[in-house]
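Everything below concerns the one structure shown next.
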Amino acid sequence: MTARILVCGGAGYIGAHMVRRLQLDGHDVVVLDNLSTGHRAAVQGAGLVEADLLDAPELARVFDAHRFDCVMHFSARSLVGESMARPYEYYRANVTGTLNLLEAMQRAGVQRFIFSSTAAVFGTPRAPVIDETHPTAPINPYGATKLMVERVLADAATAHGLRSVSLRYFNAAGASPQGGIGESHVPETHLVPLAIAAALDTGRRLQVFGTDYDTPDGTCIRDYVHVDDLADAHVRAMDLTAREPGAHAFNLGNGAGFSVREVIASVGRVSGREVPFEEAPRRAGDPPVLVASSTRARDVLGWTPQYRDLDAIVRTAWDWHRAPAY
Ligand code: UDP
C-alpha cells in the first residue's frame, strides 16, 4: 500500500538512500532537512522542505500541509569527537530537535516513527558480539543523545501510543549501485571514504588510528553494513509499526567484523591501487571491537543483509567516490 512518509534528514547519506528505496517501493516522500550537512543534490524526485527541527512553528506548518502515515528520522549531529567538545549543540539538535518532531507528530495524530540510533548507545562493549540485551552505557554525548531519545520513545508508547522502532546502526558504508547518491561528509572522518581518498590521491595518506589493540592485527574491528541494507531494515521496521504497538529496538550489522587493515586491503583490491597509510596513535573513544548480533532483526523483521562481502560493499563506495555527484 502506498504511504506518505516524511524523511527528516533525507538529504544526508543514509537518508538519501532511504528516500530512493521508498520511491522505488512506490511511496510518496517528503524530505525535511536543514541542509547543514545534507546536500540539495541528494534529494531527487521528492519535495524538499528546508527547515530546522528546532523551528517548531515551521514543523507545525509541515504537518498541517501533509497527512503523513509515518516519519523516518535521520537528522542528527553524529560525530563522536565533536560531541565531546560541543555537548550542548548535540543535546539541542538531537534531543530537543527530536522532541519538537515528536510533539508535532502527536498534534497531527501521526503514530508511526522510525529512528536512526547507533551502536554508540552501548558504550564500551562487554561482549564480542552485541545483541539487544547488552547494557546501554554510552561513553560520549552523541551516544547519550540517541539513548535519551530511545527512552523518550518508550515513554511515548506508554503515554501516547506512539509506535516506534529504533535502529542501531553499526558502520554504514557503500553507496547505491544505481549511482547518483553516496557518502559525502565535510569533514570526512569515516574509514572507507578516507581509505578511498588515499587510493585516489597519492598525496594523501590514511592514518591508522591505533595498531596496538588486542585484536589479531592490532587495529580496531568494526561491522560494516551496506547503506541499502540499512534502508531495507527501515522498510521492514515501518511494516512492523503497522502491526505492532510499542517501542522496539534492533541492532543492525552484518555480524562479521573487519579490521582497519582488512578494510585497507579491500580498498586496495577493489581499486587496483595502493592505499598509502601510516600508523597513528589511537583515536579517543574507539572501542577495540564493535560487532552486532542482528539475530533479532532477522527473526522479527525478516531482515537479511544482501551485501555480506566487504569487497562488494567497498566496490559500491569506490564507484561513487571516483566520480561523486556532490
Ligand atoms: N579509522 C582510522 N583512520 C581514519 C578513520 C577511522 O584508522 O582515518 C578507524 C577508527 O579508529 C575505527 C574504524 O576506523 O577503528 C572505523 O571508524 P569510523 O570513523 O569509520 O567509524 P566509527 O566506528 O567511529 O563509527
Side-chain angles (χ1 to χ4, degrees), residues 12-14 37 74 76-85 90 94 116-125 128-130 138-147 167-175 182-201 203-227 229-230 251-268 275-292 310 313-314 316-318 320-321:
Y13 169 44
I14 304 173
T37 55
F74 297 85
R77 305 284 294 266
S78 64
L79 300 179
V80 167
E82 187 181 63
S83 80
M84 302 280 284
Y90 272 68
N94 295 1
S116 298
S117 189
T118 170
V121 298
F122 296 109
T124 307
V129 174
I130 301 178
I139 54 169
N140 53 61
Y142 168 61
T145 63
K146 292 289 183 173
L147 186 60
L167 297 173
R168 286 106 167 226
Y169 313 150
F170 281 61
N171 288 62
E183 186 168 12
S184 177
H185 296 118
V186 181
E188 187 53 79
T189 62
H190 295 106
L191 178 61
V192 172
L194 288 174
I196 291 174
L200 284 169
D201 174 356
R204 285 171 79 152
R205 240 172 225 290
L206 176 73
Q207 296 208 303
V208 175
F209 296 142
T211 53
D212 57 349
Y213 285 99
D214 185 15
T215 58
D217 70 17
T219 65
C220 287
I221 292 176
R222 293 289 180 274
D223 183 337
Y224 296 88
V225 55
H226 194 275
V227 62
D229 282 325
L230 291 180
N251 297 350
L252 298 182
N254 263 312
F258 293 94
S259 72
V260 174
R261 291 192 203 277
E262 286 174 320
V263 171
I264 292 172
S266 173
V267 172
V275 181
F277 69 89
E278 65 198 13
E279 299 188 357
R282 291 181 177 197
R283 189 173 69 174
D286 270 343
V289 180
L290 267 180
V291 177
L310 181 62
I313 296 175
V314 166
T316 64
W318 167 250
W320 159 256
H321 286 289

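By convention here, the first residue in the shown sequence is residue 1. As the structure lists them, so they are numbered: ligands from 1, and atoms in each ligand from 1. Not measured: the values here are computed from a predicted model.
Between Q207 and ligand 1, at least one N/O pair is under 3.5 Å apart. Geometrically, ligand 1 and C220 share no nitrogen or oxygen pair separated by less than 3.5 Å.
Atom 18 (P) of ligand 1 has its nearest heavy-atom neighbour, among E188, R283, R222, in R283. Nearest-residue assignment for atom 5 (C) of ligand 1 (options T189, D286, V260, T118; heavy-atom criterion): T189.
Using a 4.0 Å cut-off between charged nitrogen and carboxylate oxygen, R222 and E262 do not count as a salt-bridge pair.
By the criterion of a heavy-atom distance under 4.0 Å, the side chain of L206, and not its backbone, is placed next to ligand 1. Contact annotation for H190 and ligand 1: heavy atoms of both the backbone and the side chain come within less than 4.0 Å of the ligand. By the criterion of a heavy-atom distance under 4.0 Å, both the backbone and the side chain of L191 are placed next to ligand 1.
Aromatic ring orientation, H185 versus Y13: perpendicular (interplanar angle above 60°, classes split at 30° and 60°).
Side chains of E82 and Y142: no donor on one and acceptor on the other come within 3.5 Å.
A heavy-atom separation below 4.0 Å is found between Y224 and ligand 1.
When each atom of ligand 1 is checked for a heavy atom of V208 under 4.0 Å away, the hits are 7 (O).
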